[in-house]
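This report refers to the structure that appears directly beneath it.
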Amino acid sequence: MSTMPEFPPPPLINIIFHVSVFLVSLIAFLIGIGLWYNRNINHLGVSHYWRIFITGVFFYALAEFADIFTPGLTASLGVHNLITEMTLLVGLSLIFVSLYRFLKDYVGQK
């Protein structure tokens with residue numbers, strides 16, 4: 001019967017780093033949802049970009065939360081499991097797509 005290998009506890013700096021990035025992204029997500037929900041963003045005409053951006057920030061926060069509990073965290077800051085990396089990539093791609101579309105339309109208007 002094979003058992004799961006025991007991983008040593010992750011270094012404290014890794015935990016501090018991932019918790020702080022998670023908290024920043026979670027706060028950004030909550031502020032973004034609050035701005036969108038209270039219609040402070042809609043009058044600017046960027047609501048469709050904002051929804052994509054906020055969804056990306058949500059996926060990024062979710063990936064950072066999962067990274068806190070990933071056993072591979074002991075290896076390095078960049079080695080995690082496939083699901084967390086794919087969630088991180090989806091979040092970052094949504095963020096960059098929304099920024100690209102916003103800048104393309106904004107620069108196109110001028």
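Around atom CZ of Phe29, more than 12 heavy atoms belonging to other residues, nucleotides or ligands sit under 6.0 Å away. Atom CZ of Phe59 sits in a sparse spot, with 12 or fewer heavy atoms from other residues, nucleotides or ligands closer than 6.0 Å.
Both Val19 and Phe58 sit in one connected hydrophobic cluster of ILVMFWY residues. Membership requires side-chain heavy atoms under 4.5 Å apart, directly or through other members. Both Ile31 and Ile33 are part of a single hydrophobic cluster, where members link through side-chain heavy atoms under 4.5 Å apart. By the rule that hydrophobic residues join a cluster once side-chain heavy atoms approach within less than 4.5 Å of another member, Leu30 and Ile54 end up as members of one cluster. Under a hydrophobic-cluster definition in which Ile, Leu, Val, Met, Phe, Trp and Tyr are linked whenever side-chain heavy atoms come within less than 4.5 Å, directly or via other members, Leu23 and Val57 are assigned to the same cluster. Using a 4.5 Å cut-off between side-chain heavy atoms of Ile, Leu, Val, Met, Phe, Trp and Tyr, with links allowed through other members, Phe96 and Val24 fall into different hydrophobic clusters.
Residues Leu26 and Ala61 approach most closely at N-CB, 4.1 Å, considering heavy atoms. Nearest approach of Trp50 to Gly32, heavy atoms of both residues: NE1-O, 3.0 Å. Of all heavy-atom pairs between Gly56 and Leu94, the closest is CA-CB, 3.6 Å.
At least one side-chain heavy atom of Leu88 sits less than 4.5 Å from a side-chain heavy atom of Glu64.
One finds the OG1 atom of Thr87 at 13.0 Å from the CZ atom of Phe65 (value rounded to the nearest 0.5 Å). A distance of 14.5 Å separates NE2 in His48 from CZ in Phe53, rounded to the nearest 0.5 Å.
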